[in-house]
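Some notes on the structure that comes next.
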Amino acid sequence: PPITVSTPSVPTVSRGMRRSFPLAGRPAELRVLGSNLIGAKGYLAMPSGILNPIAPRTVRALLTLAFGPPATASTR
């Protein structure tokens with residue numbers, strides 16, 4: 001018979017926010033993303049049978065700036 005692997009369910013909380021604003025006359029966006037904010041520990045059972053640890057608490061910030069012609073009030 002095949003070997004079956006299962007892991008208990010582990011709740012995780014992830015949140016994010018974004019804010020758009022002009023920067024040097026060009027459209028920009030700041031994103032802040034938080035993953036596993038409660039710091040859950042455990043493993044995820046993949047369909048292939050591989051066990052992966054749950055990623056630790058992580059916060060990322062990304063700033064995106066559009067290049068090209070400067071934005072004007074009519075194109076925002």
Side-chain angles (χ1 to χ4, degrees):
I3 298 173
T4 303
V5 176
S6 64
T7 58
S9 61
V10 178
T12 60
V13 176
S14 299
R15 292 286 178 251
M17 62 162 263
R18 68 179 175 186
R19 173 84 174 156
S20 297
F21 55 93
L23 181 64
R26 302 183 191 290
E29 185 173 78
L30 176 65
R31 295 180 184 179
V32 179
L33 309 164
S35 301
N36 191 14
L37 297 177
I38 58 176
K41 297 183 189 296
Y43 290 88
L44 300 172
M46 306 307 285
S48 63
I50 296 174
L51 292 176
N52 286 333
I54 294 174
R57 184 179 298 135
T58 306
V59 176
R60 297 182 296 157
L62 300 97
L63 177 63
T64 305
L65 179 64
F67 292 99
T72 62
S74 63
T75 59
R76 286 187 196 154

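Values in this document were obtained by computation on a predicted structure and should not be read as measured data.
Within the model, atoms CG of Leu33 and CZ of Arg18 stand 10.5 Å from one another, a figure rounded to the nearest 0.5 Å.
Residue pairs satisfying the salt bridge (Lys or Arg N to Asp or Glu O under 4.0 Å) criterion with at least one member in residues 4-16, sequence neighbours excluded, are absent. Applying the salt bridge (Lys or Arg N to Asp or Glu O under 4.0 Å) rule to pairs touching residues 38-57 yields nothing, sequence neighbours excluded.
When all heavy atoms of Ser35 and Ser14 are compared, the closest pair comes out as CA-OG, 3.5 Å. The shortest non-hydrogen separation linking Ile38 to Pro11 is CD1-O, 3.4 Å.
By the side chain to side chain contact (heavy atoms under 4.5 Å, CB included) test, Ser9 is found to be paired with no residue, residues two or more places apart in sequence or in another chain being considered. Qualifying side chain to side chain contact (heavy atoms under 4.5 Å, CB included) partners for Val10, counting only residues two or more places apart in sequence or in other chains: Ala40, Ile54. Qualifying side chain to side chain contact (heavy atoms under 4.5 Å, CB included) partners for Leu51, counting only residues two or more places apart in sequence or in other chains: Val5, Thr7, Tyr43, Ala45. Residues that satisfy the side-chain hydrogen bond (donor to acceptor under 3.5 Å, both in side chains) test with Arg31, not counting sequence neighbours, are Glu29.
Residues Val59 and Val32 are in side-chain contact: their nearest non-hydrogen atoms beyond the backbone lie under 4.5 Å apart.
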